[in-house]
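All ligand and atom numbering here is 1-based and tracks the order in the structure.
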Amino acid sequence: MANASRDPILLTPGPLTTALSTKVAMLRDWGSWDSGFNAITATIRERLLDIVSAQGSHVCVPMQGSGTFSVEAAVNTLVPRDGHLLVLINGAYGKRLAKLAQMMGRRTSVFETPEDVPTTAADVERLLAGDRSITHVGLIHCETSTGILNPLVDIASVIARHGKRLIVDAMSSFGALPIDAQASPFDALIAASGKCIEGPPGMGFVIAKKSALETAAGNCTSLSLDLHDQWQYMERTTQWRYTPPTHVVAAFAAALDAHAAEGGQPARLARYERNCDMLVSSMKSLGFRPFLDPAIQAPIIVTFHAPADPRYTFREFYDRVREKGYILYPGKLTQVETFRVGCIGAIGPDEMRQAVNAVRDTLTEMGIERVAPHDVK
Ligand SMILES: *Cc1c(COP(=O)(O)O)cnc(C)c1O
């Protein structure tokens with residue numbers, strides 16, 4: 001897939017490389033009162049519900065800001081002030097969810113597994129049976145700090161059986177991995193414009209269960225992040241409550257057109273799987289080893305062990321690959337030296353192969369011979 005400009009290819013999990021049609025949609029100024037603009041917002045809200053089969057049961061509330069703003073809005077609005085949130089953690093985004101819940105004064109418990117171990121339905125069963133005061137569970141669907149996939153359907157059904165409520169951070173899975181609001185009951189599922197829908201960054205959205213949002217008035221301790229107020233205002237006026245990111249909204253609508261034209265979620269997943277397969281097999285042929293077991297690896301972002309060679313530094317490696325037109329992503333693990341490569345964005349297997357060629361040439365330039373990590377002979 002050719003990029004019209006000479007911008008580098010972003011192999012990062014948002015912001016990411018967008019299609020030309022998405023960029024072009026930003027070349028127009030919209031007034032926030034304009035009925036044409038408000039019609040775009042309405043269409044986006046409906047189409048996002050369709051992607052996760054949430055029509056009828058849920059409403060979609062967009063929110064200004066990066067994805068974290070929407071996570072914070074969902075938790076602060078949907079968890080009552082006397083609620084108790086259990087957060088399932090196996091990476092940095094789980095930790096962030098727990099931290100923001102604590103900061104807004106909600107009672108928060110955490111359950112943490114190592115970064116290469118998914119949370120299981122059995123874990124959640126045991127945790128809910130052990131503490132009846134838990135009202136809500138927070139789950140990261142694809143934990144982008146490694147690319148690990150947590151079993152949403154199984155965990156959601158355990159939570160529903162216990163009569164508890166689920167809040168899902170589906171930021172890096174929405175639009176690519178299958179999610180069905182009827183099969184996986186949730187009160188809130190959160191994502192953002194600049195991930196697998198391949199829009200520019202700048203807005204998030206919450207797919208909220210209608211009955212839960214209806215009873216959430218007055219929960220939120222923040223003015224601008226009050227999801228109930230944002231929803232009510234939008235229903236009443238068709239407008240965003242405060243200044244909308246107009247260019248981002250228009251481009252996000254164009255990105256949703258491209259998502260549908262490609263064949264929707266199944267086609268997007270198939271392309272990301274081809275990207276991921278090409279990336280992993282080419283990197284393995286250079287001697288790199290992925291951090292995760294393939295069985296729990298989502299085709300969204302791949303964590304690789306850094307080369308053990310003493311000549312390796314991420315900074316120089318990054319800069320040299322960048323000169324060749326590809327942007328890599330640093331690792332986010334505390335225990336092991338890693339780096340990450342995203343498989344998402346308006347790119348295909350050709351770009352992945354070319355990126356690995358840039359990595360190969362960089363290794364040669366840096367004189368790196370030992371690509372395998374320390375524990376591999
Ligand atoms: C990108 C992402 C977020 C949001 O991060 P921002 O920096 O606020 O955009 C949250 N959770 C996950 C899993 C993500 O991948």
- Task: Just jot down the salt bridge (Lys or Arg N to Asp or Glu O under 4.0 Å) partners of R315, sequence neighbours excluded, or say none.
- Result: D319
- Query: Charged N to carboxylate O below 4.0 Å: is that the case for K324 and D361?
  - Reply: no
- Query: How would you list, by chain and number, the residues with a heavy atom under 4.0 angstrom from ligand 1?
  - Reply: S66, G67, T68, Y93, R96, I140, C142, T144, D169, M171, S172, K195
- Message: Between D131 and K164 (salt bridge meaning N to carboxylate O under 4.0 Å), is one present in this structure?
- Response: no
- Item | Sub-4.5 Å side-chain heavy-atom contact between I148 and Q297 | no
- E316 with R322: basic N within carboxylate O range, under 4.0 Å: no
- Test: D309 and R370 ion pair at under 4.0 Å: no
